[in-house]
Amino acid sequence: MFALGIEPHFIRNPKLWPTKPAKFSETLEEYSREIRKLCEKLLKFIATSLGLNQDTFEEMFGVAVQAVRMNYYPTCPRPDLVLGLSPHSDGSAVTVLQQGKGSSVGLQILKEDMWVPVQPIPNALVINIGDTIEVLTNGRYKSVEHRAVTHQENDRISIVTFYAPSYEIELGPMPELVNENNPCKYRRYNHGEYSKHYVTNKLQGKKTLDFAKIQTKNSS
Ligand SMILES: O=C(O)CCC(=O)C(=O)O
Ligand SMILES: [Fe+2]
């Protein structure tokens, strides 16, 4: 995999940006600008769906952090033994995933304890909800546990954009979404600390969210 910080500029490491192909940087810049607009829109729709002001997340996030990860999964003679990427949820607010043209099925999501393949749809993007939105909505939206599998004959590429709040912000469940029927499930924390926790821990399902979980007697 190849990961690059995009926004804000201070997270960029220009030394890592390839000079070949010549248009790499320009193309990635343009792609990222458009994906950023899409993420802003998605967050407006999520806020509206919860009866909140559409700018709720934008106002809360500060200058949002955007990073991209390009995953290459070579063919594998024993896909039954080798995963492409271990099960995890993303630490982002939302993730936009693009699968290479003509890609084989590789992404799977966990639904009712079953791994369900996500069939690539030509010219369509996959949107994943990340842990940040799960916390902010007190679990009304849930981050999706997913993994990537390998394939015997076809290799595969995915290009994944993570969109998250600024590292400085403190976040926790929004008071509007906490009540007697839906008691507070997560504590408040600093998003930078969560990000650090996320990247320094093994990918292991939704375990990283334990960082924020309030342990109650009945919770597992
Ligand atoms: O390659 C995929 O489809 C999944 C990639 C992914 O989940 C990630 O990069 O976080
Ligand atoms: Fe992911």
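Numbering of ligands and ligand atoms starts at 1, following listing order.
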Residue Ser158 vicinity, atoms of ligand 1 by number, heavy atom under 4.0 Å = 1 (O), 2 (C)
key: Structural part of Asp90 in contact with ligand 1, heavy atom criterion under 4.0 angstrom   = side chain
task = Check His88 against ligand 1 and report side chain, backbone, both or neither, counting heavy atoms closer than 4.0 Å.
result = side chain
request  = May I ask you to identify, for Arg156, whether its side chain, its backbone, both or neither come under 4.0 Å of ligand 1 on a heavy-atom basis?
outcome  = side chain
query = At what distance is the nearest protein heavy atom to atom 8 (C) of ligand 1, and which residue and atom is it?
reply = Arg69 NH2, 3.1 Å
request  = State the atom name: nearest N, O or S atom of Asp90 to the Fe ion (ligand 2).
outcome  = OD1
query = Hey, are the side chains of Thr132 and His191 touching, using non-hydrogen atoms and a 4.5 Å cut-off?
reply = yes
query = So do Phe45 and Gln54 actually touch side chain to side chain, heavy atoms under 4.5 Å?
reply = no
query = Looking only at heavy atoms, is any part of Asn128 under 4.0 Å from ligand 1, and if so is it the side chain, the backbone, or both, or is it neither?
reply = neither
inquiry  = Show me which atoms of ligand 1 lie under 4.0 Å from any heavy atom of Tyr73.
reply    = 1 (O), 2 (C), 4 (C), 5 (C)
query = Could an N or O of ligand 1 be found under 3.5 Å from any N or O of Asn71, whether backbone or side chain?
reply = yes
inquiry  = When you measure from the heavy atoms of Arg147 to every atom of ligand 1, does any distance fall below 4.0 Å?
reply    = no
request  = Using a 4.0 Å heavy-atom cut-off, say whether His146 meets ligand 1 through its side chain, its backbone, both or neither.
outcome  = side chain
query = Considering only protein heavy atoms, which is closest to atom 6 (C) of ligand 1, and at what distance to one decimal place?
reply = Leu85 CD2, 3.4 Å
